[in-house]
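The structure appears below as structure tokens.
All values below were derived from every heavy atom in this structure, side-chain atoms included, with hydrogens, water molecules and symmetry-related copies excluded. In what follows, every chain begins at residue 1, and chains take the letters A, B, ... in the order their sequences are listed.
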Amino acid sequence: MSIQIFNTLTGKKEEFVPIEAGKVKLYACGPTVYDSSHLGHARMAIVWDVIQRYLRFAGYKVTFVRNITDIDDKIINRAKELNIRPDQLARHFLYEFWQDMYALNVAPPDIEPRATEYLQQMIGMAADLVKKGKAYESGGDVYFDVGACPDYGKLGKKNIEDLKSGARDQVRSQDELKDVKRNPVDFALWKSAPETETGWTSPWGFGRPGWHLECSSMIKSVLGETIDIHGGGEDLVFPHHENEKAQSESLHDKPLAKYWMHNSFVNVSEEKMSKSLGNFKTIGDLLREYSADTLRLFILQTHYRNPIDFSPEAMNAAKQALMRLVRAALLADAEENGSGFYPSKHYRFDQKAAEAYKNDETITEFHKEFVAAMDNDFNTAVAVSHLFGLADKIAASKDTAQRQLWAKALKDYSGILGFTLADTRKVVDRNSTEQVLALLLQLRQDARANKDFKTSDLIRNELAKAGISVMDTAEGPTWEKT
RNA sequence: GGCGGCAUAGCCAAGUGGUAAGGCAAGGGUCUGCAAAACCUUCACCCCCAGUUCAAAUCUGGGUGCCGCCUCCA
């Protein structure tokens, strides 16, 4: 059985057949770095992380590209508000994004191009489109001529006539562009800008590229004219991906991507979580309350094409559930327990483990179910349910060697979904540490008051061994790390 | 207004024709100085109506409710 992928373009599940046997070119739209990332971005990142991990597990040589939009109006406007340069703002939030991804155990993409690195390619592409008669220059701007693209609207299932008349809210802003655009739905490949702003020189004067152009250019430069899978959040279907597709395909006369995949959103109180609604929690906020594995379980328990409603109750349910997996995996490998993150470690099994798994009936059965679930359009919800099934078997088994093997399998297969199953139960925060030490110092004071110096010295000496130095000061006892 | 999606136990959530995965919570039990944890166990006929079929949560039609996209957005 091969991998089935739901293709947004056709609206159906299709058998995945890569363009070149054994290889997958995968491109996912990454963030615009103008603000902190929230749970919705975490979902996008985790979903694509799992897809690329699974494709590697399935034996494909994957080239996973995720771009960074580090120049656009949002960045420029925000930078203006903060009175810093746009590139400073972008760098700040890019660093933060990387930190978030690392903390979430999201494996880095193979290639991570940034828009600002591909200006010449974008300009070149816009020029080529003009040359080919698919785009036109108008007052320093360059617009893509949607009328010259018969397929336009296919991906987003839009009808050009509807777009012209239906987009009521859009009409006002279109008024001012009436004289420059031939057709209201034409979109900018290049926008002129005052030379005092961030921009680049082009054949049409000083300005900036249109947003959609960057992905088209980077895909072409990094992966080629046609890729296997192109994805992103479902809000990107239209217009972003529609426009990318129109540009690239008009220029190359071949499909931009064979499969289009889109993940659904995270809602809060049944409303989309988004920066513009301001109802979001940042990834940093969430990671202070929940582990990366908990967040990942919360996300992967729902199929990627269905919306998730965020709630503290659901998060806590995931937290409790995760502990069952963590406990079951404890036997796997003592040295790994509690060692924190080890990002990207589980791309693939080592061959020795894979051989051992093949000889075990339970794991073979589990493997079949797990793979069947993942092959079915990356149904992580079902895959996860099989992890729980294996965890139950581990708990019920009396045979230690068997339990260890199963536990290792549990950890390895969980790794395909990006779980670390690190045991964080004994990771104590600073607040707890201080309370515990305060208690010990109190017990020591009580002992000293009773002239029980044996006990008081025991406490101080043992704490010293643990790297805590106790000092008696005029204000009472205190401690510091040695 | 146009387009698309969803509606499954107290909650979250799989399941696209053969008779309801999984998780949380809750009840019962084992263990236990107390408490907690752990482990075992119990718990649904799938929004409404009509139809197709030997057989439907799953297909068709209608209804109701909710959500998303059409403008920046993962």
Please tell me which of the listed nucleotides, [options], lies nearest to the side chain of [X]?
X        : options             : answer
A:Phe388 : B:G22, B:A14, B:A74 : B:G22
A:Asp235 : B:C72, B:A74, B:A14 : B:A74
A:Phe238 : B:C70, B:A74, B:A14 : B:C70
A:Asp392 : B:G23, B:C72, B:C39 : B:G23
A:Thr302 : B:C39, B:C67, B:A14 : B:A14
A:Gln301 : B:A21, B:C70, B:G22 : B:G22
A:His303 : B:C24, B:A14, B:G68 : B:A14

If [N] has a Watson-Crick or G-U wobble mate with both distances under 3.5 Å, name it; if not, just say none.
N     : result
B:A74 : none
B:C54 : B:G18
B:A44 : none
B:G10 : B:C24
B:C3  : B:G68
B:A38 : B:U30

Let me know the distance between [atom1] of [X] and [atom2] of [N], rounded to the nearest Å.
X        : N     : atom1 : atom2 : result
A:Asn267 : B:C73 : CG    : P     : 18 Å
A:Leu155 : B:C70 : CG    : P     : 13 Å
A:Phe310 : B:A13 : CZ    : P     : 13 Å
A:Glu242 : B:C73 : CD    : P     : 15 Å
A:Arg403 : B:A38 : CZ    : C1'   : 11 Å
A:Leu390 : B:G23 : CG    : P     : 13 Å
A:His386 : B:A21 : NE2   : P     : 12 Å
A:Phe6   : B:U16 : CZ    : C1'   : 12 Å

In whole angstrom, give me the gap between the [atom1] atoms of [N] and [M].
N     : M     : atom1 : result
B:C59 : B:G17 : C1'   : 8 Å
B:C12 : B:C73 : P     : 31 Å
B:A36 : B:U30 : C1'   : 16 Å
B:G1  : B:G63 : P     : 14 Å
B:A9  : B:A21 : P     : 14 Å
B:U16 : B:C6  : C1'   : 14 Å
B:C46 : B:A37 : P     : 35 Å
B:C31 : B:C67 : C1'   : 48 Å

Please find out if less than 6.0 Å separates the ring center of [X] from that of [Y].
X        : Y        : result
A:His386 : A:Phe366 : no
A:His262 : A:Tyr304 : no
A:Phe16  : A:Tyr259 : yes

Where each residue is assigned the nucleotide of RNA chain B containing its nearest heavy atom, which of A:Leu39 and A:Asn316 is assigned the position nearer the 5′ end?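 That would be A:Asn316.
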Using the closest heavy atom to pick a nucleotide of RNA chain B for each, name whichever of A:Lys157 or A:Gln320 lands nearer the 5' end.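 Going by which nucleotide is closer to the 5' end, it is A:Lys157.
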With no angle test and no hydrogens, is the base of B:C69 tied to the side chain of A:Lys158 by a donor-acceptor pair under 3.5 Å?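 Such a pair exists between side chain and base.
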Interatomic spacing from CD in A:Gln247 to NE2 in A:His212 - rounded to 0.5 Å: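 Interatomic distance, A:Gln247 CD to A:His212 NE2, rounded to 0.5 Å: 7.0 Å.
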So how far is it from A:Asn316 CG to A:Thr294 OG1, rounded to the nearest 0.5 Å?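 Between atom CG of A:Asn316 and atom OG1 of A:Thr294 there are 9.0 Å.
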Kindly say if [X] contacts the phosphate of [N], meaning a side-chain N or O under 4.0 Å from OP1 or OP2.
X        : N     : answer
A:Asn379 : B:G15 : yes
A:Asn306 : B:A14 : yes
A:Arg305 : B:G5  : no

Assign [X] to base, sugar-phosphate, or nothing according to its heavy-atom contacts below 4.0 angstrom with the strands shown.
X        : value
A:Gly40  : base
A:Glu313 : nothing
A:Ala314 : nothing

In terms of side-chain heavy atoms, does A:Asp429 have a donor or acceptor partner in A:Ser432 at a distance below 3.5 Å?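 On atom types as modelled, these side chains qualify, holding a pair under 3.5 Å.
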A:Lys191 pairs by salt bridge (Lys or Arg N to Asp or Glu O under 4.0 Å) with which of A:Asp73, A:Asp72, A:Asp141?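 Testing A:Lys191 for a salt bridge (Lys or Arg N to Asp or Glu O under 4.0 Å) against A:Asp73, A:Asp72, A:Asp141 leaves exactly one candidate, A:Asp73.
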Basic-acidic side-chain contact under 4.0 Å: A:Arg208, A:Glu197: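 Yes.
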